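For the numbers below, each heavy atom of this structure counts, side chains included, while hydrogens, waters and symmetry mates do not. All values derive from a computational prediction rather than experimental measurement.
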Amino acid sequence: GWKNTNKVRPGGGFSYVNPISKNLGITMSANYSDQFGRRTTSQTGYEFVAGTNNATGGSETEPYLRTLRLSNNERSTTREAYSFGVDWRPIERLTLNFNYQYNALDLFTSPRFVTLNSGAAPTSKSPTETIGRVGAGTVQWGSTTTHKMTDTHMLSLRSVYRGRDWTFEAATAYSFSDVKYRTMDEGFFRGITLRIPSPTVRFRNATGDGAIPDIEVFSGNASNLTPIDWTSIGNARIIDTTGNNRQNGSTEDSQLRLSATRDFNLGSLPASVEFGGATKTFDRSRKWTRHNFSYRGPDGVANSPDDVASAV
């Protein structure tokens, strides 16, 4: 739902090395990849704590399954990388190196998840089953959708002079990275929280071997429990959307290094002495705005019955 994408996502790269002469050579490379990935996970949470006056209902010897989180993490990643380098020896003892690199990342992530909680002190429990108290559970959906874009430029220069007795080296490097995070600017919220109010949650056939247990969700009171399709967000209320960022940032890094080295022998043992110094500066800047919204349906009251998602 973010943008139209191709079902075929090509990628590739090449490198080129040309030793033009014994004193001059160049290198070039380029790489491009466009990938889509998806990861689904489930995470269980067992209650081992009894709490004051057994308010929680767990124990170290007889824990029960209290929470289950199901996640669907989808991401689209595009990477570009280009480099160019020159090695030159203008005179016999002097070597100069120049290198430039550019890297770009375009990452769109949209993790979505639902968390089911049977509540504390269930009506009954066993190693494979949790029967939550009436109205004590929670069922909540959420997501953290973000579009991230980065561009990085890196430039380096290095010279080495090899004299009869001494070797002198000088090197400098500079890099600049630009980072952007977008949500609402591109027509979507970072995430929307939806919740089924005061449900009764039950887990059955919780084998503990990685299989997702059977899940039952009900609404109503003890004398009139009605099954709810918890997989449909239309049965949940819209609560809010938070963390909708528009963020711009950058990092700038520069460094300089100088050194002089001399090799010699101490009797029959090789040795060397080196003098030098280095300096480095690093600067980071960030600027962002964040928007949080609470949903109020036709009655203008948050988290009320007319906030159900099916009415939107």
Taking side chain to side chain donor-acceptor pair (under 3.5 Å) as the test, write out the residues that go with Asn23, two or more places apart.
Arg89
Determine whether the aromatic ring centres of residues Phe108 and Phe188 are separated by less than 6.0 angstrom.
yes
Member of Val217, Ile228, Val308, Leu194 meeting the side chain to side chain contact (heavy atoms under 4.5 Å, CB included) criterion with Asn235
Ile228
Do Arg296 and Asp307 sit within salt-bridge range, that is, some charged N less than 4.0 Å from a carboxylate O?
no
Do other residues, nucleotides or ligands put more than 12 heavy atoms under 6.0 Å from the CG atom of Leu70?
yes
Evaluate whether atom CD of Glu274 has more than 12 neighbouring non-hydrogen atoms of other residues, nucleotides or ligands under 6.0 angstrom away.
yes
Let me see the working for Arg112 and Glu74 under side-chain contact (heavy atoms from CB on, under 4.5 Å), right down to the final yes or no.
CA-CA 8 Å; Arg112 291 168 291 169; Glu74 298 177 343; 3.4 Å; yes
Option among Thr128, Ile212, Asp214 that satisfies the side chain to side chain contact (heavy atoms under 4.5 Å, CB included) test with Asn205
Asp214
Considering residues, nucleotides and ligands other than Arg204, do more than 12 of their heavy atoms fall under 6.0 Å from its CZ?
yes
Would you call the rings of Tyr102 and His153 parallel, tilted or perpendicular if under 30° counts as parallel and over 60° as perpendicular?
tilted
Working note: Asp299 + Ser304, criterion side-chain hydrogen bond (donor to acceptor under 3.5 Å, both in side chains); need CA distance, chi angles, decisive distance, verdict.
CA-CA 8 Å; Asp299 65 0; Ser304 63; 2.9 Å; yes
Does Tyr295 OH have over 12 foreign heavy atoms under 6.0 Å away?
yes
Under-4.0 Å salt bridge between Arg257 and Glu169
yes
